[in-house]
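Take a look at the structure below.
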Amino acid sequence: MTFNDIRVRIAPSPSGNLHVGTARTALFNYLFAKHNNGKFVLRIEDTDLERSDEKYVQNIFDSLKAMGLDWDEGPDVGGDYGSYKQSERLELYKNYAEKLLESGHAYYCYCTPEELEAEKALAQEEKKTYLYSKKCKKLSPEQVENFRNEGRVPTIKFEMPVKHLIFKDLIKGNVEFDTALMSDFVIVKSNGIPTYNFAVVVDDIEMKMSHIIRGEDHISNTPRQIVIYEALGAEIPQFAHLGMILAPDRTKLSKRHGATAVSEFINEGYLPEAFVNFLALLGWTSPERKDVEASTSEIMSKDELIKYFSLDRVSSSNAIFEFDKLNWMNGFYIRHLPTPELFERLKPYLQDYDLSIYSEEQIETMINAVKEPLVKLSEATDAVSYFFGNSINISGEIKEAALSAEETGDILSEFAKFSENIDYENIEKIHEQLGEFRTQMKPLKPKQVMWAIRAALTGRTHGADMGVVISLLGKKKVLLRINEAINL
RNA sequence: GGUCCCAUCGUCUAGUGGCCCAGGACGCUGGCCUCUCACGCCGGAAACAGGGGUUCGAGUCCCCUUGGGAUCACCA
């Protein structure tokens, strides 16, 4: 098999928004494909009529696109092996099921759910592994006729061949199963819809997948899928099973741990590129890079990830999803974004403000002054709030902390006078003038002086550079706020 | 419970028998910078789950124990 033949896929079921686990699997598939000059395919597995919803298909599209994981073939862009929605491939599965029926690998099963339950309960009681009795395998024509008349609609079951099965997993190594312990299983439901294990195999064969990279929750499905490949005489793809992503409490990542959908993270203000970078490092590490400092060697663009990615550097164990590193990384990306670009990304979070009162240049100055501590874009809303509106609210807490000292009144009234002559247009100059003011206020401590002015002007005990604050606010608002603070 | 997978700092991990009294990043922490928060810079604490082997030598190979995870559907 040449490198050009590499074809991988991500096959989410649209029964919810794109989950971070699925997103990470998609990423690894994407990186593997791109690194090897292969194709990355998107297939929607919507055979669960009950739970599938078109709105989730849209969410999957949007999330994948936001992450920059563009697919070469998929429901919207098409491809040589479509349709890329399972619900539109029903005829195909039917044909394959027919083949299996003819070759004797599969048979009709008329058992009712109740009968099956009873068998399982019995096995449970005897503490034996449940194996279907196969009683429907050798039904006489009369019995079939009777069941039909009763109105029973059969499922199609695949007969599990008994063998010692080994497959070589590209991440886990050899994985072995004894199929004698595995029951015959349904491949076509009574409603005519194929089950997952059957549909994936048919699709992966038809779509010529070379590698199946997925979560290790699928390991136990693998032997069932392999025997279908064999029954169909098809070439078996290479498997690679990724460890799970766990929540900090070491259980499966779920809603109760907070956000689990990629779209939620993005809406909260995580940059897609930071999120992708973080996800890539959950289970994979770059080989040592001599072109960069160790301290930033984990910061990688999509192109770098593609360049360095390989399956043999993927960890075989589970990984815990901790926010600390994601937060740091997101902040790092925010800090390093060119200002105009950052402004663009910040706009959705600044909608409540009248940005037109400032020039583009002033906005950029403002953004640069508040961006350092941002962890998420959404935090910008609060971080710039005091640059807007005339008066500000000063909470009792702030008043207590920064404006309650005896000298505060003096500092503020002196500053009110001083502010008449500030050069508001020139931030550098303001810094110098602020220095002069601090000297003027001696022996009061510089910190105390600045603390009071900051609190009066911003209602905060910390925030943007005071030169920037004063410059952007301008004389009118500075005076207004100082006077309001004096009269507090 | 059966079957399968996994096991290095709190977390993500480097490590493929000697280069490791175990390296990096995040977090934590001490200091510097400083008008605040932060950023940045310099330093620190912090791990090979336990027990047996194999070997001149084991974090690295084998076995057992323990722990964690996954899976046992007419869901995917």
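Every chain is numbered from 1 and lettered A, B, ... according to where its sequence line falls, protein lines coming before strand lines.
- Contact annotation: A/Arg460 does not reach the phosphate of B/U36 (side-chain N/O to OP1 or OP2, under 4.0 Å).
- Rounded to whole Å, atom C1' of B/A38 lies 10 Å from atom CG of A/Leu374.
- One finds no side-chain N or O of A/Arg454 lying less than 4.0 angstrom from the OP1 or OP2 phosphate oxygen of B/C37.
- Nearest to the side-chain atoms of A/Lys120 among the listed nucleotides B/C74, B/A76, B/U71 stands B/C74.
- Between the side chains of A/Glu150 and A/Tyr110, no donor N or O sits under 3.5 Å from an acceptor N or O.
- Residue A/Lys252 has a polar side-chain atom (N or O) positioned under 4.0 Å from OP1 or OP2 of B/U71.
- Figure legend. B/C39 is base-paired to no nucleotide; pairs are counted as Watson-Crick or G-U wobble with both atom distances under 3.5 Å.
- Under the Watson-Crick or G-U wobble criterion, with both distances below 3.5 Å, B/G27 is left unpaired in every strand shown.
- Nucleotide B/U3 holds its P atom 13 Å from the NE2 atom of A/His164, rounded to whole Å.
- No hydrogens or angles were tested; on distance alone, nothing pairs the side chain of A/Asn327 with the base of B/C26 as donor and acceptor under 3.5 Å.
- For the pair A/Asn368 CG and B/A38 C1', the interatomic distance rounds to 14 Å; values are reported in whole Å.
- With hydrogens and angles ignored, a donor-acceptor pair closer than 3.5 Å exists between the side chain of A/His431 and the base of B/C35.
- Counting to the nearest Å, the C1' atom of B/A73 and the CZ atom of A/Arg51 are 11 Å from each other.
- Checking B/U36, B/A76, B/A70 against every side-chain atom of A/Glu216, the shortest atom distance belongs to B/A70.
- In this structure, A/Gln124 places its CD atom where only 12 or fewer heavy-atom neighbours from other residues, nucleotides or ligands lie under 6.0 Å away.
- Here A/Glu298 lies in heavy-atom contact (under 4.0 Å) with a base.
- The side chain of A/Asp217 lies closest to B/A70, out of B/C75, B/A70, B/A73.
- Pairing partner, B/U16: none, since no Watson-Crick or wobble contact has both distances short of 3.5 Å.
- Atom NE2 in A/His336 sits roughly 7 Å away from atom P in B/G40 (whole-Å rounding).
- Along RNA chain B, the nucleotide closest to A/Ala464 and the one closest to A/Phe177 are compared, and the more 5′ of them pairs with A/Phe177.
- Where A/Arg335 and A/Val175 each meet RNA chain B at their nearest nucleotide, the meeting point lying more 5' is that of A/Val175.
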Report all side-chain donor-acceptor pairs from residues 321-328 of chain A shorter than 3.5 Å, counting only partners two or more places apart or in another chain.
{"from": "A/Lys325", "atom 1": "NZ", "to": "A/Glu298", "atom 2": "OE1", "distance (Å)": "2.7"}
{"from": "A/Asn327", "atom 1": "OD1", "to": "A/Tyr270", "atom 2": "OH", "distance (Å)": "2.6"}
{"from": "A/Asn327", "atom 1": "ND2", "to": "A/Phe323", "atom 2": "O", "distance (Å)": "3.4"}

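- The side chain of A/Ser316 has B/C6 as its nearest neighbour among B/U71, B/C35, B/C6.
- Between A/Lys371 and B/A38 there is no side-chain polar atom (N or O) within less than 4.0 angstrom of OP1 or OP2.
- Residue A/Asn393 places its CG atom among 12 or fewer non-hydrogen atoms of other residues, nucleotides or ligands, all under 6.0 Å distant.
- The side chain of A/Lys189 approaches B/C74 more closely than any other nucleotide in the set B/C74, B/G2, B/A7.
- Checked against B/G15, B/A73, B/C6, the side chain of A/Arg313 finds its nearest nucleotide in B/G15.
- Remark: the backbone N or O of A/Tyr56 is not paired with any side-chain donor or acceptor of A/Asp53 at under 3.5 angstrom.
- In this structure, the nucleotide among B/U13, B/C74, B/C26 sitting nearest to the side chain of A/Ser190 is B/C74.
- Among the nucleotides B/C74, B/C5, B/C35, the one closest to the side chain of A/Asp465 is B/C35.
- Ranking B/C37, B/A76, B/U3 by closeness to the A/His462 side chain, first place goes to B/C37.
- In this structure, A/Trp328 atom CH2 and B/G24 atom P are separated by 15 Å, rounded to whole Å.
- Across all strands shown, B/U54 forms no Watson-Crick or G-U wobble pair with both distances under 3.5 Å.
- Judged by distance alone, with hydrogens and angles left aside, the side-chain atoms of A/Ser471 form no donor-acceptor pair with the main-chain N or O of A/Gly467 at under 3.5 Å.
- With a 6.0 Å radius and a threshold of 12 heavy atoms from other residues, nucleotides or ligands, A/Glu400 has its CD atom at or below the threshold.
- Between A/Phe275 atom CZ and B/C26 atom C1' the separation is 16 Å, expressed in whole Å.
- Residue A/Thr47 has a polar side-chain atom (N or O) positioned under 4.0 Å from OP1 or OP2 of B/A76.
- In this structure, B/U71 forms a base pair with B/G2, meeting either the Watson-Crick or the G-U wobble geometry with both donor-acceptor distances under 3.5 Å.
- A/Pro113 comes within 4.0 angstrom of a nucleotide base, judged by non-hydrogen atoms across all strands.
- Put simply, the side chain of A/Glu322 and the base of B/G10 share no donor and acceptor less than 3.5 Å apart.
- Rounded to a whole Å, the CG atom of A/Leu116 is 14 Å from the C1' atom of B/C72.
- Contacts of A/Gln124 with the nucleic acid, taken as non-hydrogen atoms under 4.0 Å apart, are absent.
- Comparing B/A76, B/C12, B/C39 by their nearest atom to the side chain of A/Ala319 picks out B/C12.
- For the pair A/Arg313 and A/Phe309, the cation-pi criterion (under 6.0 Å, within 45° of the ring axis) is not fulfilled.
- A 3.5 Å limit on both hydrogen-bonding distances identifies B/U66 as the Watson-Crick or G-U partner of B/A7.
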